[in-house]
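One structure is given here, and the rest of the page talks about it.
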Amino acid sequence: MLLFSKILRTGIVTEPLETGETVVTLGRQLDTRVQRLLGRALAVREVDAGSCNGCELEISGLTGPVYDSERFGIHFVASPRHADLLLVTGPVTRNMAVPLRKTWEATPDPKLVVAVGDCARTCGVFRGSYAVAGSVDTIVPVDVFVDGCPPEPADILRGLLTALDRWPRR
Amino acid sequence: MAAALSPNLTSAVFLVMVAGYLLGAVGSLAAASPAVTRSLTAAGALVGAAAGLGLAGMVLVVGAPFAVTVPELLSPGGGLALRLDALGAFFLLLIGVGALPAALYGVGYTRAYAGRYSLRWLGAMLNLFLLTMSLVVLADNVLTFLLMWEAMSLTSYFLVMTEHDGADTAAAGGWYLAMTHAGLALILTALVMLIPPGPGSTFAELRLTVATLSPTTRSVVFTLAVLGFGSKAGLVPLHVWLPRAHPAAPSHVSALMSGVMVKLGVYGVLRFALDLLGEGPVWWGGLLIALGAASALLGVLYALMEDDLKRLLAYSTVENVGLVFIGVGAGLLFAALDHEASAVLALAAALYHALNHTAFKSLLFLGAGAVLHATGNRNLNELGGLIQRMPWTAACFLVGALAIGGLPPLNGFVSEWLLFQSLLPAIASSAPLVPPLMTLAVGALALTAGLAAASFVKAFGIGFLALPRSAGAAAAHEAPASMRVAMTALAGLCALFGVGAVVIVPRLAEMLRGYDGLTGQPAPLAEGLSLALPGAFGGMSPPLVAMGLVLAVAGVWLAVRLGGDRRLRRGDTWGCGRIGQTARMEYTSTAYAEPLRRVFAELYRPTEDLTVDVHPESRYFVQSIAYRSEILPWFERYLYTPLLRGVDAWAARAQAIQSGSAHRYLAYLVIALLALLAITLARSG
């Protein structure tokens, strides 16, 4: 009862969607490409290898109601066993080096790795810390780096699109 | 073929059955070495059970009852009278189906008993138990029935007590003995109420008396019989002995008690309701449906929470007996409403489920026994990984779990489907209160079936898959050949009874003709390879379903072989990238049941106790975690504990009579004598 009366009293609070044309165009291109290559959605597993969570904010923005990546067939999954692509963020900390490696091993072939954010390429401000094992490409082979601190959702979509060019053909 | 069977042949087979069991009992006691005892026990039981099967088959095929009377034995009570009709023969068949594999299994299973427990008495009691069970279904007068019933209860009590030094064995035996004797008292009262004045107490004479009884008396007799036999069958709330006695008994005995003996409770109710008492009021059926539905639901809900494999199976027996009673109740209800075709269908479904339960529950108990034999452990939370070490047992247990979970094409699916089909048309009945009752029963049946599947996913998944959780489970070994053969035979039967339903179910319906006013020609329940139901919504073909499933699996396998990517990569189980995966990270039995424990928290009333010890320097370093969770034992706390306390109080008061003074005892004698004289004088004068 409370729930329904609250819904009635509150009304609609969502704002009109103002996504730039870029995101929609990129999303559509991605959708077509994924359909052609995989014949289904692109299953993405996100791995936080030690990030400050800035990149995570952008990635979850991608899945949120504004960007809504699911409509372009980009599906975030709960296990690397289900994934086509790994989205790795952050400098790889010592604690996460083995889990990242294991995640990569657990992902079925063929697979792609997209490293998101400056830290993933250079370790950023964390470089040289005793807790950091190295950049992502020192642990697993990386197909595409997405630069930015943090990169915008559109940048991440662009990175995914670039990565798909490297999808092995039969 | 029917004409070829002479009475001499049936008598000979009967004698072979009795002689087999008796020689098995005597041989076990007299044998020189443990190995000989084990072989003689099994040989006697195998011969006896095979002859019992033969006798049942003859009576079922010929259709003519087999009868023997020995008036010289125990002549004051009317002598021993034995008669095997179709109903009895069906249950004799069920005994044979359970006894043959159990006897064979015992050879390997009891090897470890030598020197610890008495193999001789175990063998003797096992044979006598099987003999008295067989004679219960043959009994044709009150004396024979009660004697055999009591002998069956006592021998099974001794069997439960085999592992007498077990922690809970004595308590389990006590519960069993008390419950079975409470039941016996009720059955005795029910039978005595039917005995006609004057000599003679054969069942035929009882049937004649029934015609003279008032409807109220008949209903009282029926209620007493349901409660009395219900205590043996494990109907809620009389089920409390099952989860205690079944785990305490040796596993092949558990299989017999759970698969066969509890069915004799069903037999008793059927003998009273269908045969002795004749057609009754509608509420008889309603009572059985209500008790059955309660047993089915509570049984499966408690099975789901159980971590002990054999206790889980015992609760699941409560559930399945509940399902059988739903069918029996529906049959009686339809018969009272004159829906003859539906009555036959419901009763046939109930009998078929009873037979199927014998097959798969015996199989599961034998499987649990093989696990116990190999690991010395029944706690699911300490098992795991057994599929690699004992693949044969695991495969057989899986077949049993699939059958009891009601998956096609195995037998549990067919009989549960039949039960559904027999209940569904009643929802449209015009009789008052019947549609809501049946709707509830169908709902209970559906929920039970789902929860049963969940509890056996737990039993198999936690017990047999993944990594071993204890040293015992890691060192497990495959069961010896005799145990494997017994389990494989039962697994085969589960498949056979599933596919063979088209042949068996119409026979069962045929067999029921003549009972409880079901006089008419029953509609044929099968057409070609399908089960086709009269007036119901549908039909189903178990053989075609089985064939379809086999073809589908074969098709997928072929497609993968031919078209798929054949490069194989082996990797660790995915554990979120954790370093150093151990068995402690596995899902446990308790964890698996946790969501349902929350859903049904109103029933379980779980109490949880979590103690975390942290390092004195930082609360982030946990040194030990202790978790304990219990569910409320409703029946013990609110029914049996007050009852036992009352009995204790009354017993303490009654002690006043037993003063120890010889003078007082002499006074009692004189008073009793005078009272008797007075009564005699009054009656003769």
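Lettering of chains follows the sequences in order, A, B, ..., and the numbering in each one begins at 1. Worth saying up front: this structure is predicted, and the values here are computed from it rather than measured.
More than 12 heavy atoms of other residues, nucleotides or ligands lie within 6.0 Å of CG in B/Leu632, so this atom counts as buried by the packing criterion.
A search for side-chain hydrogen bond (donor to acceptor under 3.5 Å, both in side chains) contacts involving B/Ser470 returns nothing, not counting sequence neighbours.
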Donor-acceptor pairs are to be reported for all side-chain atoms of residues 390-407 of chain B against protein atoms at under 3.5 Å, with residues two or more places apart or in another chain.
unit_1	atom_1	unit_2	atom_2	d
B/Trp392	NE1	B/Thr488	OG1	2.7
B/Thr393	OG1	B/Glu478	OE1	2.6

Output a table of donor-acceptor pairs, distance under 3.5 Å, between side-chain atoms of residues 379-386 of chain B and any protein atom two or more places apart or on a different chain; print 'none' if there are none.
unit_1	atom_1	unit_2	atom_2	d
B/Asn379	OD1	B/Asn381	N	3.0
B/Asn381	OD1	B/Ser589	N	2.8
B/Asn381	ND2	B/Asp307	OD2	3.4
B/Asn381	ND2	B/Thr590	OG1	3.0
B/Glu382	OE1	B/Asn377	ND2	2.7

Anything under 3.5 Å between chain B and chain A that's a donor-acceptor pair? List each one with its distance, please.
unit_1	atom_1	unit_2	atom_2	d
B/Arg569	NH1	A/Glu105	O	3.0
B/Arg569	NH2	A/Thr107	O	3.1
B/Asp572	O	A/Arg81	NH2	2.4
B/Arg578	O	A/Lys102	NZ	3.0

